[in-house]
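I have placed the structure first, in the form of C-alpha coordinates, so that the comments after it can refer back to it.
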Amino acid sequence: MTYREFSPTQPVILGFDPGKDKCGIAVMGLDRQLYYHEVVIAALAIANIETLRQKFPISLLVMGNQTTAKQWKQQLQQQLAQPLNIILVDERYSTLEARDRYWQMYPPKGLKKLLPKGLRQPPRPIDDIVAILLIERYLNRLTESVNN
(Lines give C-alpha, C1' and ligand atoms only; values in the text may rest on other atoms or scores of the structure.)
Protein backbone atom coordinates (compact mmCIF):
# COMPACT_ATOMS: atom_id res chain seq x y z
CA MET A 1 0.00 0.00 0.00
CA THR A 2 1.46 3.32 -1.05
CA TYR A 3 0.20 6.76 0.06
CA ARG A 4 1.53 10.19 -0.89
CA GLU A 5 0.68 13.63 0.41
CA PHE A 6 -1.97 15.31 -1.72
CA SER A 7 -3.77 18.58 -2.20
CA PRO A 8 -7.42 17.99 -1.31
CA THR A 9 -8.47 20.86 -3.57
CA GLN A 10 -7.48 18.95 -6.69
CA PRO A 11 -9.87 16.21 -7.87
CA VAL A 12 -8.29 12.82 -8.39
CA ILE A 13 -9.23 9.79 -10.48
CA LEU A 14 -9.57 6.28 -9.14
CA GLY A 15 -8.32 3.56 -11.47
CA PHE A 16 -9.88 0.14 -11.01
CA ASP A 17 -8.75 -3.09 -12.64
CA PRO A 18 -11.52 -5.53 -11.68
CA GLY A 19 -10.95 -9.24 -11.43
CA LYS A 20 -12.57 -12.36 -10.08
CA ASP A 21 -10.09 -12.94 -7.24
CA LYS A 22 -8.12 -9.70 -6.97
CA CYS A 23 -8.45 -6.11 -8.14
CA GLY A 24 -5.98 -3.34 -8.80
CA ILE A 25 -6.73 0.10 -7.41
CA ALA A 26 -4.84 3.35 -8.02
CA VAL A 27 -5.45 7.04 -7.27
CA MET A 28 -3.91 9.67 -9.54
CA GLY A 29 -4.28 13.42 -9.90
CA LEU A 30 -5.11 15.15 -13.16
CA ASP A 31 -1.44 16.20 -13.17
CA ARG A 32 -0.56 12.45 -13.29
CA GLN A 33 0.81 12.53 -9.75
CA LEU A 34 0.32 9.03 -8.30
CA TYR A 35 -1.02 9.07 -4.73
CA TYR A 36 -1.94 5.46 -4.04
CA HIS A 37 -1.83 1.99 -5.57
CA GLU A 38 -2.53 -1.49 -4.23
CA VAL A 39 -3.77 -4.94 -5.21
CA VAL A 40 -6.72 -6.00 -3.04
CA ILE A 41 -8.84 -9.11 -2.67
CA ALA A 42 -11.91 -8.74 -4.91
CA ALA A 43 -14.31 -9.29 -1.99
CA LEU A 44 -12.81 -6.21 -0.24
CA ALA A 45 -12.53 -3.96 -3.30
CA ILE A 46 -15.70 -1.91 -2.73
CA ALA A 47 -14.92 -1.37 0.97
CA ASN A 48 -11.42 -0.29 -0.06
CA ILE A 49 -12.85 2.20 -2.59
CA GLU A 50 -15.15 3.63 0.11
CA THR A 51 -12.14 4.14 2.41
CA LEU A 52 -10.20 5.87 -0.38
CA ARG A 53 -13.15 8.17 -1.06
CA GLN A 54 -12.86 9.41 2.54
CA LYS A 55 -9.13 10.15 2.08
CA PHE A 56 -9.09 11.57 -1.46
CA PRO A 57 -11.40 13.92 -3.46
CA ILE A 58 -12.20 11.23 -6.06
CA SER A 59 -14.19 12.70 -8.93
CA LEU A 60 -14.31 9.71 -11.25
CA LEU A 61 -13.70 5.97 -11.46
CA VAL A 62 -11.96 4.64 -14.57
CA MET A 63 -11.97 0.90 -15.15
CA GLY A 64 -11.10 -1.64 -17.82
CA ASN A 65 -13.77 -2.69 -20.29
CA GLN A 66 -12.97 -6.40 -20.57
CA THR A 67 -14.07 -9.65 -18.91
CA THR A 68 -15.91 -8.74 -15.70
CA ALA A 69 -16.44 -5.01 -16.40
CA LYS A 70 -20.25 -5.00 -16.82
CA GLN A 71 -20.77 -7.07 -13.70
CA TRP A 72 -18.41 -4.90 -11.62
CA LYS A 73 -19.89 -1.65 -12.93
CA GLN A 74 -23.35 -2.78 -11.84
CA GLN A 75 -22.04 -3.92 -8.46
CA LEU A 76 -20.25 -0.61 -7.88
CA GLN A 77 -23.35 1.41 -8.81
CA GLN A 78 -25.47 -0.64 -6.41
CA GLN A 79 -23.08 -0.88 -3.46
CA LEU A 80 -21.21 2.43 -3.27
CA ALA A 81 -22.68 4.72 -0.60
CA GLN A 82 -22.46 7.77 -2.92
CA PRO A 83 -22.81 7.42 -6.70
CA LEU A 84 -19.60 7.81 -8.68
CA ASN A 85 -19.20 8.41 -12.41
CA ILE A 86 -17.72 5.28 -13.95
CA ILE A 87 -15.94 5.40 -17.31
CA LEU A 88 -14.83 2.27 -19.15
CA VAL A 89 -11.44 2.37 -20.87
CA ASP A 90 -9.96 -0.03 -23.41
CA GLU A 91 -7.69 -2.35 -21.45
CA ARG A 92 -6.24 -4.41 -24.29
CA TYR A 93 -2.54 -5.21 -23.79
CA SER A 94 -2.56 -3.46 -20.40
CA THR A 95 -1.08 -6.48 -18.60
CA LEU A 96 1.93 -6.58 -20.92
CA GLU A 97 2.35 -2.84 -20.60
CA ALA A 98 2.02 -3.12 -16.79
CA ARG A 99 4.84 -5.67 -16.66
CA ASP A 100 7.17 -3.20 -18.41
CA ARG A 101 5.98 -0.37 -16.13
CA TYR A 102 6.61 -2.51 -13.05
CA TRP A 103 10.30 -2.80 -13.97
CA GLN A 104 10.46 0.97 -14.62
CA MET A 105 9.00 1.67 -11.18
CA TYR A 106 11.02 -1.06 -9.43
CA PRO A 107 14.23 -1.64 -11.43
CA PRO A 108 15.56 -5.20 -11.22
CA LYS A 109 18.42 -5.83 -8.82
CA GLY A 110 21.10 -8.47 -8.61
CA LEU A 111 20.83 -11.42 -10.99
CA LYS A 112 17.40 -10.29 -12.25
CA LYS A 113 19.21 -7.46 -14.06
CA LEU A 114 20.95 -10.06 -16.22
CA LEU A 115 17.72 -11.68 -17.41
CA PRO A 116 16.38 -10.51 -20.78
CA LYS A 117 13.45 -8.13 -20.32
CA GLY A 118 10.95 -10.59 -21.81
CA LEU A 119 11.85 -13.29 -19.27
CA ARG A 120 11.51 -11.13 -16.16
CA GLN A 121 8.36 -11.80 -14.18
CA PRO A 122 7.31 -9.29 -11.50
CA PRO A 123 7.47 -10.92 -8.05
CA ARG A 124 3.92 -9.82 -7.16
CA PRO A 125 0.54 -9.26 -8.84
CA ILE A 126 0.55 -6.08 -10.97
CA ASP A 127 -3.19 -5.32 -11.13
CA ASP A 128 -2.54 -1.98 -9.37
CA ILE A 129 -0.14 -1.00 -12.15
CA VAL A 130 -2.84 -1.91 -14.70
CA ALA A 131 -5.14 0.49 -12.77
CA ILE A 132 -2.49 3.23 -13.11
CA LEU A 133 -2.29 2.59 -16.87
CA LEU A 134 -6.08 2.77 -17.20
CA ILE A 135 -6.08 6.26 -15.65
CA GLU A 136 -3.26 7.31 -17.97
CA ARG A 137 -5.15 5.96 -21.00
CA TYR A 138 -8.21 7.97 -19.95
CA LEU A 139 -6.13 11.15 -19.46
CA ASN A 140 -4.39 10.58 -22.82
CA ARG A 141 -7.80 10.32 -24.50
CA LEU A 142 -8.83 13.62 -22.89
CA THR A 143 -5.69 15.45 -23.99
CA GLU A 144 -5.94 14.01 -27.51
CA SER A 145 -9.51 15.29 -27.90
CA VAL A 146 -8.46 18.73 -26.61
CA ASN A 147 -5.47 18.91 -28.97
CA ASN A 148 -7.41 17.83 -32.08
Side-chain angles (χ1 to χ4, degrees), residues 1-6 10-53 55-77 79-80 84-148:
M1 174 165 39
T2 311
Y3 283 103
R4 280 220 175 105
E5 285 303 310
F6 68 99
Q10 183 199 357
V12 296
I13 298 171
L14 183 121
F16 184 57
D17 179 37
K20 206 173 68 161
D21 302 318
K22 60 187 174 6
C23 300
I25 297 176
V27 176
M28 184 183 281
L30 298 175
D31 60 357
R32 296 175 187 253
Q33 175 74 45
L34 181 63
Y35 297 112
Y36 172 89
H37 62 100
E38 184 175 20
V39 177
V40 298
I41 297 165
L44 302 176
I46 291 177
N48 210 294
I49 290 170
E50 291 288 15
T51 302
L52 289 170
R53 288 180 83 184
K55 290 183 168 73
F56 298 100
I58 295 168
S59 60
L60 179 69
L61 185 147
V62 174
M63 69 184 234
N65 64 353
Q66 300 292 302
T67 348
T68 57
K70 281 192 180 110
Q71 179 186 330
W72 269 104
K73 185 174 181 180
Q74 190 176 12
Q75 207 175 329
L76 287 163
Q77 288 169 330
Q79 294 180 24
L80 287 173
L84 189 59
N85 278 339
I86 298 172
I87 292 186
L88 298 180
V89 176
D90 183 4
E91 67 172 302
R92 282 178 293 182
Y93 311 113
S94 58
T95 305
L96 287 172
E97 199 179 322
R99 190 184 307 164
D100 289 343
R101 179 66 64 87
Y102 175 87
W103 294 115
Q104 287 171 12
M105 292 169 74
Y106 308 101
K109 292 177 173 62
L111 293 176
K112 274 209 164 102
K113 263 203 252 188
L114 302 175
L115 275 177
K117 213 164 121 183
L119 294 177
R120 283 186 214 142
Q121 287 296 323
R124 66 165 183 84
I126 54 172
D127 307 67
D128 58 331
I129 297 173
V130 172
I132 292 167
L133 294 173
L134 293 174
I135 297 170
E136 290 175 352
R137 286 180 180 190
Y138 170 74
L139 291 173
N140 289 343
R141 223 171 57 193
L142 281 185
T143 53
E144 282 167 15
S145 62
V146 169
N147 293 333
N148 289 335

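From a predicted model like this one, the values you see are computed outputs, not experimental measurements.
In this structure, the side-chain contact (heavy atoms from CB on, under 4.5 Å) partners of Gln79, at least two apart in sequence or on a different chain, are Ile46, Gln75. Partners of Pro116 under the side-chain contact (heavy atoms from CB on, under 4.5 Å) rule, at least two apart in sequence or in another chain, are Leu119.
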Inset, instruction - Would you sort out whether Tyr102 and Arg124 count as a side chain to side chain contact (heavy atoms under 4.5 Å, CB included), showing the intermediate values? - result: CA-CA 10 Å; Tyr102 175 87; Arg124 66 165 183 84; 3.8 Å; yes

Inset, instruction - Run the numbers on Leu88 and Met63 for side chain to side chain contact (heavy atoms under 4.5 Å, CB included), then give the verdict. - result: CA-CA 5 Å; Leu88 298 180; Met63 69 184 234; 3.5 Å; yes

Inset, instruction - Could you check Met105 against Ile126 for side chain to side chain contact (heavy atoms under 4.5 Å, CB included), going step by step and ending with a plain yes or no? - result: CA-CA 11 Å; Met105 292 169 74; Ile126 54 172; over 6 Å; no

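Distance check: Ile135 CD1 to Leu61 CG gives 8.5 Å after rounding to the nearest 0.5 Å. Atom CD1 of Ile87 and atom CD1 of Ile13 lie 8.0 Å apart (nearest 0.5 Å). The CD1 atom of Ile41 sits 10.0 Å away from atom CG of Asn48, with the distance rounded to the nearest 0.5 Å. Within the model, atoms CG of Asp90 and CZ of Arg141 stand 9.0 Å from one another, a figure rounded to the nearest 0.5 Å. From Gln66, atom CD reaches atom OG1 of Thr95 across 9.5 Å, with rounding to the nearest 0.5 Å. The CZ atom of Arg32 lies 12.5 Å from the CD1 atom of Ile132; values are rounded to the nearest 0.5 Å.
Between Phe16 and Ala45 the shortest heavy-atom distance is CE1-CB, 3.9 Å. What you find for Arg53 and Leu84 is that their closest heavy atoms are NH2-CD1, 3.8 Å. Contact between Ala98 and Val130 at its shortest, heavy atoms only, is CB-CG2, 3.6 Å. Across all their heavy atoms, Arg120 and Lys113 have their closest contact at NH2-O, 3.6 Å. In this structure, Leu134 and Gly64 approach most closely via the heavy-atom pair CD1-N, 3.4 Å.
Classification of the Tyr36-Phe56 ring pair by plane angle, with boundaries at 30° and 60°, yields tilted.
By the 6.0 Å contact criterion, CG on Leu111 is open, its count of non-hydrogen atoms from other residues, nucleotides or ligands being 12 or less. The local environment of CG in Asp31 is crowded, with over 12 non-hydrogen atoms from other residues, nucleotides or ligands closer than 6.0 Å.
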Using residues 22-30 as the side-chain source, report each donor-acceptor pair under 3.5 Å to any protein atom, sequence neighbours left out, with the distance given to one decimal.
from: Lys22; atom 1: NZ; to: Asp127; atom 2: OD1; distance (Å): 3.3

